[in-house]
Amino acid sequence: METLFYIAAAVTVLATLRVITHVHAVHALLYLVVALIALALIFYLLGAQFAAALEIIIYGGAIMVLFIFVVMLLGPLAVEQERTWLTPGTWVGPGILALVLLGEVGYLIAVGDHLPVTVSEARQKGVSIALYGPYIIGVELASMLLLPGLIGAYHLGRRVSKESR
Amino acid sequence: MMNIWLYARNLIIGLWIVFKRTFTKPVTVQYPEERPYLPPRWRGRIVLTRDPDGEERCVACYLCAAACPVDCIALQATEDPMAQDRRYPEFFRINFSRCIYCGMCEEACPTNAIQLIPDFEQSEYARRNLVYEKEDLLISGTGKYPGYNFYRVAGVKTRDKDKGQGENELPPVDVRSLMP
Amino acid sequence: MLSTPALVLAMMLFSLGLVGLLSRRNILYMLLSLEIMLNAASLAFIAGGARWGQVDGEIMFLFILTLAAAEVSVALGIVLQLSYRFHTLDVDAFSEMKG
Amino acid sequence: MISLLWLIPALPLAGFLVLALFGGRFTRQQVAWVGCGSVGTAAFTTALVGWEFFQGFPDHESYHQTLWNWIDTSGLTVGVSWYLDALSLLMVAVITGIGFLIHLYSAEYMAGDEGYARFFAYMNLFVAAMLTLVLADNLLLLYLGWEGVGLCSYLLIGFWYREPEYGTAAQKAFIVTRIGDTAFAIGLFILFTQLKSLSIQQVQSLATEAWPVGSNLATIVAVLFLIGAVGKSAQLPLQVWLPDAMAGPTPVSALIHAATMVTAGVYLIARMHHLFALAPLVQEVIAVIGLATLLLAATSALVQQDIKRVLAYSTMSQIGYMFLALGVGAWSAALFHFLTHSCFKALLFLAAGSVIKSLHHEQNIFWMGGLRRHLPWTFWTFLIGAAAMSGIPLITSGFYSKDWILWSVWSSPLSHRWIWYGALLGAMLTGLYSFRLIFRVFFGEVRTQPTGEPGLAMRVPLVVLAFLALTVGFLEMPHTLGNVTLFSQYLSHALPTMELLPGMDESSETREQLAVTVSALLGIGLAAILFLPGSNFSRRGADLSTGRPLVTLLQSGWGFDRLYDRACVRPWFLLTRNPGELLDRGYEWLTVGAESCHRWMSHTQTGHVRWYAATVVVGTLVLLGLFAM
Amino acid sequence: MTDWSHTALTIGVILGGALTLAGLLIWVERRLLGIWQERLGPNRLGPGGCLQSLADMIKIFTKEDWIPPFADKPVFVIAPAIVVITALMSFAVIPIAPSFVVSDLNLGVMFFLAMSSLAAYSVIIGGWASNSKFAFLGSLRAIAQLLSYEVFMGLSLMGAVLLAGSFNLSDIVDAQRHQWFVVPQFFGFLGFFMAGLAEAHRTPFDMPEAEAELVAGYQSEYSGMKFGMFFVGEYLSILLLSAMTVILFFGGWHGPWLPPVVWFVLKMSGFIVLIILIRATWPRFRFDQLLSFGWKVVMPLALINLLVTGGVVLWKAG
């Protein structure tokens, strides 16, 4: 269990590193897919099997595919320009910010009380019951969120014709 | 909505029709083992024939090369220094990778030299092997017209006969005479 | 027993995403970094859920998934539109909203 | 059978949906079939449900049906659930039955109109909303129906929307009733925050337990509910919309503005009677409002020139009677008057519609006359309606219901004697204005040539309603006359019976009845003297309509429109159009401040997304830092 | 036999079986197509030509493995591997007979869906990495097709899941002991089968590899064993589709008299034959027709089916 977890965690972190440093969009995307699959494994290890499956199906299978689709539609990639943009200097500020963040959260986790962890069995049933019980408003809100997403994507995705511009 | 049902029905009917083909006999002929019947007038490979005397019939008139729609015939005429006035091809070359077996050359040939025979098995491993030279084309027989000899009936002078001595040929008219 | 390391991992992923978001100029990579951050958040939720033995973590993950789907569809539409109009993906070029 | 209850509101709703979605493709006949059929089926279902309900009636006083949970979050559960008891069954029966007759009538009345499908769609929606209102088990659903009928009323008043005037009338009705609705909603909020429940039964029992009689909260809630009811039922302060609402087609006036919707206020007060019982002060106010409205409307009705406006004012006046009865605690009497009133007022409106239709949409009674011979059906039915309204003794239903109310006013411990005198005066005025209408329209010389009697689809409802207007009264007859108590027994399972003052015996009841009879007959006789063509006074009666100040005042409904215009509308416009300098300066300062603030802040708006992201991050860091400390 | 060795044996049998069957399918398909076109099909090698696939394999192995110089090499190489790996992974949850399954996952259906959605990557990145316009167009089509058909594949599955009350494939099969789900879930079956055909890029949904207009689409730059992997992957996904259809809608291994495995294989072969028959008969959709058919016909159908099923299940539950 733990070994698996650490391997998956290492894969996730390395792949994510490659995502943010890669100059080639499709390669970065593929690295992200790898990271997602590793993350799904971690979900599985944490007892969230359903979440793991959804992570692959929706994130890996739909969202990332959409990304690749758009990257393809955008045409040839400006790899060289990307390389020039990626000077070491750009990393400094964000790096410091992230380190501070890391420190703060680490401190919080360190001082937080440690309770015995209960990794319970998969409870898809519990998830569903809670989802359509107390969280029903959340589900409604999510559907309300998806509808403008649909309309917005449809509207934005249309290519503006030369005449109407 | 009705259209969808119509499409679905037609698609399923299509499936059924194709499925019924499972029980029909295939039309395939298992060729090398099972020889197909070839009609005698089947037009296959091209050959050059000889006349009953054993001489080449071809007089290198180029009509076949001119008639060929795919330009697969190449030849060059020459004259036999021994037999005066008798023409024959110096080389005669048919590129069978281009030939379409249309038979135009056969129709164009005034001497019945070029003929299409029922042979069709011409497969080769290399494309260049499909270029047939005169040696490959010439056969020793007369083909479809066994008794025919061009020079016998042509009104030209050969070493065997003079003008007017051919079959069904009148003696030459004396143009200077006033008699009919 | 895994939830504390999982939280640490979530934190690292979040920081990585943050760094990516702030340092990349290509809007596509910024979106990717956003996805990483969302994933880190869902990992934190699920780790929390596992730790307390509650289903709320997974439910939050589902909501994040929905959010990500909606966000990505709209964001990618915007990316396409920007690319058609500006012929670049440089996020600093899209500064027409300057106050 | 009784489980078919849900069908009753569902059928008209389905009719509405069908007509709204596909009405454009239907032929007129199909539209009429759908429109009338849905309500007719609902009426039939009501009959079935009512039959089943009566089978086990005294043992099972009410029937609950929960269809599904409408809202279910932590702490608030509201179901789409129906509650059937004696009160709501009565309401449902009236709504579907009379609604069906009116639908049938409009199938012919509206035949020439271009918005035929739209009309029936709105009418069906109205019936559905009204049924929701009366069948609702909880206040939220009731409020949904309440707003639904308000919407339909708006849509139907402005049905001929091409006339700007009608649109204005619709807006007026909507806005004025909105005042009441808002108060009602606030009352709902208070109830919910205090009692944590919205179920009508539960709220009332909780309220009875939690609040002593006369407590402040109960009074406040009751007042708010009363304002809602007053707005819907066109009672005194908020009555101005009803006369203008006559802009709608006549069947609409019959159904919405006479028979059903305007009595929603009566229903609400009757339904929440436990609550009102906790606030005796408010009950007195109800009685006073009822009395004031009834007198005001009756006097206004005396001088109106438009046949429909006369009927509108008479409606207000009759609802005033109902409020009066509610105020003195005679719940059953109020609902009995509601029942009879729905019959005869719908009849009157439909007959008036028939007159209007045959006179090419002429509504001014001074252009009518002598129709008695040309429209015999209409005349006789109208006469029956008017007789029922004025309370001709013994043979009309109006007599029994009005007499009951007056007897209750006389004998109730909550009442005063002068209220009774006022009500008696009202009864006299009722006879006067009803028969003024009869004499003006059906007697004398013909002023506009009518086209003839209406067809069967319009005549049948008239006859049925006339029959009902005569006979419904026999459901309840006073002790002195037959002593039939079917209605009060029936309703006693839903509403408390009234206690009588001590010393009220049959002799005093007889005396009181005689007074009522005399006053009604007096009114009719006066009308005959004043308005019957050929009498000496009739010319003077005609003069009443010319511009004397009192007449003008009465014609404008005691000038409430002008009062509101002066008191509310104009000051508001004044305030908005000529804003005070001071106010302006205050706002200007605000804008200047905001602008400078904006100028300062806009430096941060670089247009660079990453800059924004970084800002967010820094903010998060600060917050986290605070949290960590 | 220990548990471990049982698992290993199962893995071996299923892996070997799947690969062999996939190879054999190449020959079966050609043979059947021949029969339906009134000819013979390959019949030279071995009895009835059944060794044809072996010959093909030898040919493919010995062919030059050529990577176009303009291609994105690492991605180009990975792409064909993904399709085979995901297809084989999916077989891990397929229960062929009671307890004859590699991993009886609780979320078998979800695992299958996850694998099938990952399989799309091979087509997408393969076409993209080829850096050629035909391959590129093929993969664009594949993405659009996948995004539309993946959705209702999941939706139509859920009807069966609802009826069985489990995501576990063995449970789903067991729930069909008395009645196959194809009866109550006919529209679910239709939707699933169509989506499966689209996922496997089979006629009439084989737009991404349309020979006529796209010269084999995403795989046009592939040759040698890499092409072979795409090929085998396609046949594996046919096998998978038939197996899943049998499990979800046709009662899996249940059947009278014969042993379960035989029933399973029989039913599966029926579907394989049906798929090939469809290829022999139906024309290819036009691409816009494909998308509008998916979104406007099948998607609402699947949603309504799911809604009705849910309603019925709730109604039965009381």
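Numbered from 1 within each chain, the chains take letters A, B, ... in sequence-line order.
- When the heavy atoms of residues 55-62 of chain A are compared with those of chain C, the residues falling under 4.5 Å are A/E55, A/I58, A/Y59, listed by number.
- Judged by distance alone, the side chain of C/Y29 and the main-chain N or O of C/G20 form no donor-acceptor pair under 3.5 Å.
- The contact between A/L39 and chain C is made entirely by side chain atoms (from C-beta outward), counting heavy-atom distances below 4.5 Å.
- Heavy-atom contacts from other residues, nucleotides or ligands closer than 6.0 Å to OH of A/Y44 number 12 or fewer.
- Rounding to the nearest 0.5 Å places CD1 of C/I36 at 6.5 Å from CD1 of A/I20.
- Only the side chain of A/L32 has a heavy atom closer than 4.5 Å to any heavy atom of chain C.
- Contacts from residues 8-18 of chain A to chain C, taken as heavy-atom pairs separated by less than 4.5 Å, involve A/A9, A/T12, A/V13, A/T16, A/L17 in sequence order.
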> Given A/V26 and A/M72, is the side chain to side chain contact (heavy atoms under 4.5 Å, CB included) satisfied, shown in steps?
Replying inline: CA-CA 9 Å; A/V26 173; A/M72 285 181 171; 5.9 Å; no
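- Most heavy-atom pairs under 4.5 Å with chain A, from the set C/L76, C/I78, C/L67, C/V74: that is C/L76.
- Ranked by non-hydrogen atom pairs under 4.5 Å with chain C, the options A/G138, A/A28, A/G152, A/P134 are led by A/G138.
- Interface remark: of the candidates C/I59, C/V79, C/T66, C/I59 forms the most heavy-atom pairs closer than 4.5 Å to chain A.
- In this structure, C/L38 and C/A68 approach most closely via the heavy-atom pair CD1-CB, 3.8 Å.
- Chain A forms the most heavy-atom pairs under 4.5 Å with one residue out of C/N39, C/D56, C/L9, and that residue is C/N39.
- Summarising the geometry of A/L54 relative to C/F61, their closest heavy-atom pair is CB-CE2, 4.1 Å, with the distance given to 0.1 Å.
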>> Would A/F50 and A/F43 count as a side chain to side chain contact (heavy atoms under 4.5 Å, CB included) here? Give the steps.
In response: CA-CA 9 Å; A/F50 196 69; A/F43 287 175; over 6 Å; no
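- Each of A/I151, A/L150, A/L29, A/I42 has some count of heavy-atom pairs under 4.5 Å with chain C, and the biggest count is that of A/L29.
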